[in-house]
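Worksheet for the structure shown next.
Heavy-atom basis, side chains included; hydrogens, waters and symmetry copies ignored. The sequence lines fix the lettering, A, B, ..., with proteins before strands; numbering per chain opens at 1.
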Amino acid sequence: MNTNQNPESTDVRTPSNFLHDIIAGDVQTKKYGDAVIQTRFPPEPNGYLHIGHAKAICLDFGLADEFGGKTNLRFDDTNPEKEEQEYVDSIMADVRWLGFEWDRLCYASDYFGQLYEWAIQLIKAGKAYVDDLTADQIRHYRGTLTEPGKDSPFRNRTVEENLDLFQRMKAGEFPDGSRVLRAKIDMASPNLNMRDPVMYRILHATHHRTGDEWCIYPMYDYAHGQSDSIENVTHSMCTLEFADHQPIYRWYIEQLGIFPSQQIEFDRLNLTYTLLSKRKLLQLVQEKRVSGWDDPRMPTLSGFRRRGFTPEAIRAFVGSVGASRTNGIVDFEMLEHFQRDDLNRRARRAMAVLRPLKVIIDNYPEGQEEMVEVANNPEDPAAGGRQVPFAREIYIEQDDFREVPPPKYYRLSPGKEVRLRNAYFITAQSVVKDDDGNVIEVHCTYDPASRGGNSPDGRKVKSTIHWVSVKHALTAEIRLYDKLFTKPDPNDHPEGGSFLDNLNSNSLEKIADARLEPSLGGARVEERYQFERVGYFCLDPDAKPGKLVFNRTLALKDSWAKIERKAGA
RNA sequence: UGGGCGAUCGUUCAAUGGUAGGACAGUGCCCUUUGGAGGCACUUAUCCAGGUUCGAAUCCUGGUCGCCCAGCCA
């Protein structure tokens, strides 16, 4: 099946990939009988979701949906020291924003009681023991990648003693770090995860949901597979770095004899010029290198949302990137492509002049004004049109006038005629300069017969430029964003340095007084616009009545910039 | 160097023993009331060496290279 074959197909279903094939195979062989396909998206609430999570979300929800299955949102909240309700809330909002709704909302912490009982069961079966070694000692006893580990001296405690000690751990008799519960597996296993993994540690910490009810907390490995099993998860998809955990995932399920969820690993999403490590993103927030988790330069879903990215585009991007088991790095341009593609089809057009240059049309009657009819979206006739005021004095983009035009420059220059979008042909006649020699005003003449943008004599112009009437213009702050990092791999830094060395000092540029057509006064937060010939923009939440603030989501592709670059090179 | 996983255009994903294809990026042309969008064309890849087979990206053997693992994080 090739979903790209159908041009009118705008669906963003998960394309065929190895995960799809595995599930399809399991459905066919009835591996799980008549049970529905069940998946789960299992974030730890210790940070905001980023574009990498979007891939997991699309896979978890998309694949289940494709097979008529269900997906739970489960918070893997087994470490109270890092987790907060704020993150739980933001994660739920972001999953919904992306366009997915979970079947059940679950928490690993809902299973603390069950997990504890299963631990008792394993102790009674002689499969788990309380270890008094310190963390340091445990590390030494674990051995290394090339040498086997050694048994802990506490490994052969009696079931009774283990039971007693573990119950007292739970009862809060011991301080943090004094003891752990470990699975008794194989200290010589070539897989370090199987060298008697820790199941429970003592943490006298307040949990964001269970409060102080517990002072022992299960480790990820002890909690994850059983949580999947409790929820009858058939396909538990996670990223590649957990492949080494699969044996332990299976071991607990087998020892307990519970529902056999299966883990399948896929590759993590990496993007050029982008950091997708929660730890480092947290650092950017805490050190105030960015304004917050939702800074429009952040790769978080909330950052992309504020920047003006759409869930549709992110889903399409993730679908196109697919899933495999290779680890690579996707060009950021790929994401930009899907975003432009989506916005081009849907964004309302408007005219806005970022860096204004005043144009005076000398032969246009002083005091006269008129409304010109403009299409809201040439890609979508159903979007209708609007009236934009035109007058004798207008602003154009500084870039759209050159006193001495370089080769191939089609825009306005002395003696040259161009079209004002949807209005008239104008010809530049003279300029006014300030004391420093900068052009501050261009005087033009217009052809009254070219109203609407066409001359009855069939005369052609090479260029069409946008404009805003001086008298009617709205002033706005515009925020232009560039990449947060200067290198394709932000972690590529010299010895002793850090990713912070690669921070782009010019990633945010604010323009205080851009001029906008009046209709933009009614913009709402998260409404997306194309400022014609400039880029895609959306109103920022910082906007207040009387103060417009727009974020540039993305610039339009600029082939003139390419010509200039080549000429300069 | 123990174990696990992987290797296909610059990037990413396909091809499930039978014509190596799509998307992004790039290049050129056409079109255009956005130098946007669109259209057409082009360039570029099966890690290496053997083997099995009528036929190998795919199967086998041996290399090479890359990623992951030594938290009481997830």
Side-chain angles (χ1 to χ4, degrees), chain A residues 2-5 15-17 21 42-44 46 76-79 81-83 131 133-135 138-140 142-149 176-182 189-195 197-203 217 219-221 223-224 238-247 265 267 272 278-279 317 319-338 340-341 344-345 349 351 375 378-379 408-411 419-423 452-454 460-466 530-535 555-563:
Chain A
N2 185 347
T3 51
N4 298 321
Q5 213 78 96
S16 182
N17 59 44
D21 295 344
E44 183 189 14
N46 67 343
D76 242 337
D77 54 349
T78 55
N79 185 357
E81 293 181 323
K82 290 188 175 174
E83 297 154 7
D131 197 343
L133 254 28
T134 65
I138 286 182
R139 184 172 354 110
H140 287 116
R142 184 155 33 227
T144 68
L145 293 176
T146 51
E147 302 156 36
D176 287 3
S178 57
R179 285 178 228 267
V180 292
L181 183 72
R182 300 178 74 177
S189 171
N191 182 342
L192 301 245
N193 294 120
M194 297 298 273
R195 321 245 260 228
V198 172
M199 296 165 60
Y200 274 93
R201 75 280 212 187
I202 301 173
L203 242 35
Y217 290 92
M219 297 287 290
Y220 165 85
D221 280 318
H224 200 91
C238 62
T239 44
L240 242 25
E241 66 270 24
F242 290 100
D244 287 338
H245 295 246
Q246 199 174 135
E265 310 88 13
D267 60 336
T272 54
K278 269 199 213 172
R279 205 202 93 228
F317 163 72
S320 115
V321 158
S324 71
R325 291 176 71 87
T326 64
N327 27 35
I329 181 157
V330 178
D331 284 339
F332 197 84
E333 288 78 32
M334 184 89 81
L335 210 208
E336 294 184 329
H337 163 77
F338 282 96
R340 286 200 184 95
D341 188 52
N344 176 53
R345 268 179 280 132
R349 314 283 128 127
M351 290 197 286
E379 300 288 315
K408 299 226 178 146
Y409 185 83
Y410 302 148
R411 284 114 94 156
R419 170 166 40 232
L420 292 175
R421 177 87 160 139
N422 295 111
N454 276 312
K460 300 281 183 208
V461 289
K462 271 287 219 185
S463 177
T464 300
I465 65 177
H466 61 282
Q530 183 196 99
F531 290 177
E532 288 199 78
R533 302 207 311 129
V534 179
L556 249 31
K557 281 205 198 166
D558 187 351
S559 53
W560 167 242
K562 206 177 283 182
I563 294 169

Worksheet item: Looking at B:G35, B:G36, B:U1, which one has an atom nearest to any side-chain atom of A:Lys408?
Response: B:G35
Worksheet item: Taking atom C1' in both B:A45 and B:G21, what distance in whole Å separates the two?
Response: 12 Å
Discussion item. Base, sugar-phosphate or nothing for A:Arg349? Non-hydrogen atoms, less than 4.0 Å.
Written reply: base
Worksheet item: Just wondering, do A:His337 and A:Lys557 contact through their side chains at under 4.5 Å, heavy atoms?
Response: no
Worksheet item: Between the base of B:U11 and the side chain of A:Glu333, is there any donor-acceptor pair under 3.5 Å?
Response: no
Worksheet item: In terms of ring plane angle, is the pair A:His245 and A:Tyr220 parallel, tilted or perpendicular, where the classes change at 30° and 60°?
Response: perpendicular
Discussion item. Mind checking if A:Ala561 touches a base, just sugar-phosphate, or nothing, with heavy atoms under 4.0 Å?
Written reply: nothing
Worksheet item: 5'-most contact on RNA chain B: A:Pro190 or A:Ser559, nearest heavy atom basis?
Response: A:Pro190
Worksheet item: Which pair of non-hydrogen atoms, one from A:Glu265 and one from A:Arg325, has the smallest distance, and what is that distance?
Response: O-NH1, 2.9 Å
Item to complete: Among the candidates B:C69, B:C72, B:A23, find the nucleotide nearest to the side-chain atoms of A:Asp244.
Response: B:C69
Discussion item. Let's see if you can work this out: which of B:C13, B:G38, B:G10 has an atom nearest to the side-chain heavy atoms of A:Asp267?
Written reply: B:C13
Worksheet entry | Nearest atoms (heavy-atom pairs only) where A:Glu532 meets A:Arg421 | OE1-NH2, 2.6 Å
Worksheet item: Quick one: is A:His466 getting a side-chain N or O under 4.0 Å of the B:U34 phosphate, OP1 or OP2?
Response: no
Item to complete: Calculate the interatomic distance between A:Arg325 atom CZ and B:C13 atom C1'; express it in whole Å.
Response: 16 Å
Worksheet item: Touch check for A:Asn79, heavy atoms < 4.0 angstrom, all strands: base, sugar-phosphate only, or nothing?
Response: sugar-phosphate
Item to complete: Any strand is fair game: report the nucleotide pairing with B:G55 by Watson-Crick or G-U wobble, both distances under 3.5 Å, or none.
Response: none
Discussion item. Regarding A:Arg411, tell me which of base, sugar-phosphate or nothing describes its non-hydrogen contacts under 4.0 Å with the strands shown.
Written reply: base
Worksheet, complete the sentence: In Watson-Crick or G-U wobble terms, with both distances under 3.5 Å, the base opposite B:U34 is none
Discussion item. If I take atom NZ in residue A:Lys82 and atom C1' in nucleotide B:C72, what distance separates them, rounded to the nearest angstrom?
Written reply: 12 Å
Fill in: B:G2 - base-pair partner by Watson-Crick or wobble geometry, distances under 3.5 Å
B:C69
Worksheet item: Under 4.0 Å: is that the gap between some side-chain N or O of A:Lys557 and OP1 or OP2 of B:A25?
Response: yes
Fill in: From B:C72, B:A25, B:G35, nucleotide with atom closest to A:Ile563 side chain
B:G35
Worksheet item: Do you know which two heavy atoms are closest between A:Asn191 and A:Asp244, and how far apart they sit?
Response: ND2-O, 2.9 Å
Discussion item. Distance check needed: B:G3 P versus A:Phe242 CZ, whole Å only.
Written reply: 23 Å
Worksheet, complete the sentence: The glycosidic conformation of B:G51, counting syn as within 90° of 0 and anti otherwise, is anti
Worksheet item: Base, sugar-phosphate alone, or nothing: which one does A:His245 contact when heavy atoms must sit under 4.0 Å apart?
Response: base
Worksheet, complete the sentence: Checking B:C68, B:C24, B:G71 against the side chain of A:Met219 (C-beta onward), the nearest is B:G71
Discussion item. To check you understand the geometry: which heavy-atom pair defines the closest contact between A:Thr78 and A:Ala223, and what is its length?
Written reply: CG2-CB, 3.8 Å
Practice prompt. Looking at every strand, decide which applies to A:Arg421 at a 4.0 Å heavy-atom threshold: base, sugar-phosphate, or nothing.
Written response: base
Worksheet item: In the strands shown, is B:C29 matched to any nucleotide by a Watson-Crick or G-U wobble pair with both distances under 3.5 Å, and which?
Response: B:G39
Worksheet entry | Sugar-phosphate only, base, or nothing, as touched by A:Ile138 at under 4.0 Å among non-hydrogen atoms | base
Item to complete: Rounded off to whole Å, could you give me the CG-to-C1' distance for the A:Leu240 and B:G66 pair?
Response: 12 Å
Worksheet item: Once you round it to whole Å, what is the distance between C1' of B:U32 and CG of A:Asn454?
Response: 12 Å
Item to complete: Specify the residue among A:Gly328 and A:Thr78 whose closest nucleotide of RNA chain B lies further upstream toward the 5′ end.
Response: A:Gly328
Fill in: B:C72 and B:A15, which share atom name P, separated by this distance in whole Å
40 Å
Discussion item. Counting C-beta onward and ignoring hydrogens, is there a side-chain heavy-atom pair between A:Met219 and A:Val180 closer than 4.5 Å?
Written reply: no
Worksheet item: Could a donor-acceptor pair under 3.5 angstrom be found where the side chain of A:Arg201 meets the base of B:G71?
Response: no
Worksheet entry | Nucleotide nearest A:Arg533 when distance is taken to its side chain, options B:U34, B:A37, B:C24 | B:U34
Discussion item. By the 4.0 Å heavy-atom rule, please label A:Tyr409 as base, sugar-phosphate, or nothing.
Written reply: base
Worksheet item: Watson-Crick or G-U wobble partner for B:A20, using a 3.5 Å limit on both distances?
Response: none
Worksheet item: Between B:C68, B:C73, B:A37, which nucleotide gets closest to the side-chain atoms of A:Glu44?
Response: B:C73
Worksheet item: Nearest to the side chain of A:Thr326 - B:A7, B:G71, B:G36?
Response: B:A7
Item to complete: Would you indicate what A:Asn46 reaches in the nucleic acid, counting non-hydrogen atoms under 4.0 angstrom: base, sugar-phosphate, or nothing?
Response: nothing
Item to complete: Please work out if A:Thr134 contacts a base, only the sugar-phosphate, or nothing of the nucleic acid, heavy-atom cut-off 4.0 Å.
Response: base
Item to complete: Please tell me which of the listed nucleotides, B:A70, B:A37, B:A25, lies nearest to the side chain of A:Arg142?
Response: B:A70
Item to complete: Report the distance from atom CZ of A:Arg195 to atom P of B:G71, rounded to the nearest whole Å.
Response: 11 Å
Worksheet item: Checking all strands, does A:Val180 fall into the base, sugar-phosphate, or nothing category for heavy-atom contacts under 4.0 angstrom?
Response: base
Worksheet item: Atom CD of A:Glu81 and atom C1' of B:A74: how far apart are they, to the nearest Å?
Response: 13 Å
Worksheet item: Which nucleotide, in any strand shown, forms a Watson-Crick or G-U wobble pair with B:U64, with both distances under 3.5 Å?
Response: B:A7
Worksheet item: When we call it a touch if two heavy atoms are under 4.0 Å apart, what does A:Ser324 touch: a base, just sugar-phosphate, or nothing?
Response: sugar-phosphate
Fill in: Sugar-phosphate, base or nothing in reach of A:Gly177, heavy atoms under 4.0 Å
base
Practice prompt. Grab the two heavy atoms, one from A:Asn46 and one from A:Lys278, that are nearest each other, plus how far apart they are.
Written response: OD1-NZ, 2.6 Å
Practice prompt. Supply the atom-to-atom distance A:Asp267 CG to A:Ile329 CD1, rounded to the nearest 0.5 angstrom.
Written response: 12.0 Å
Item to complete: Check every strand shown and say whether A:Glu532 touches a base, only sugar-phosphate, or nothing at a heavy-atom separation below 4.0 Å.
Response: base
Discussion item. If you only use heavy atoms from C-beta on, which nucleotide in B:G71, B:A25, B:G35 is closest to the side chain of A:Arg139?
Written reply: B:G71
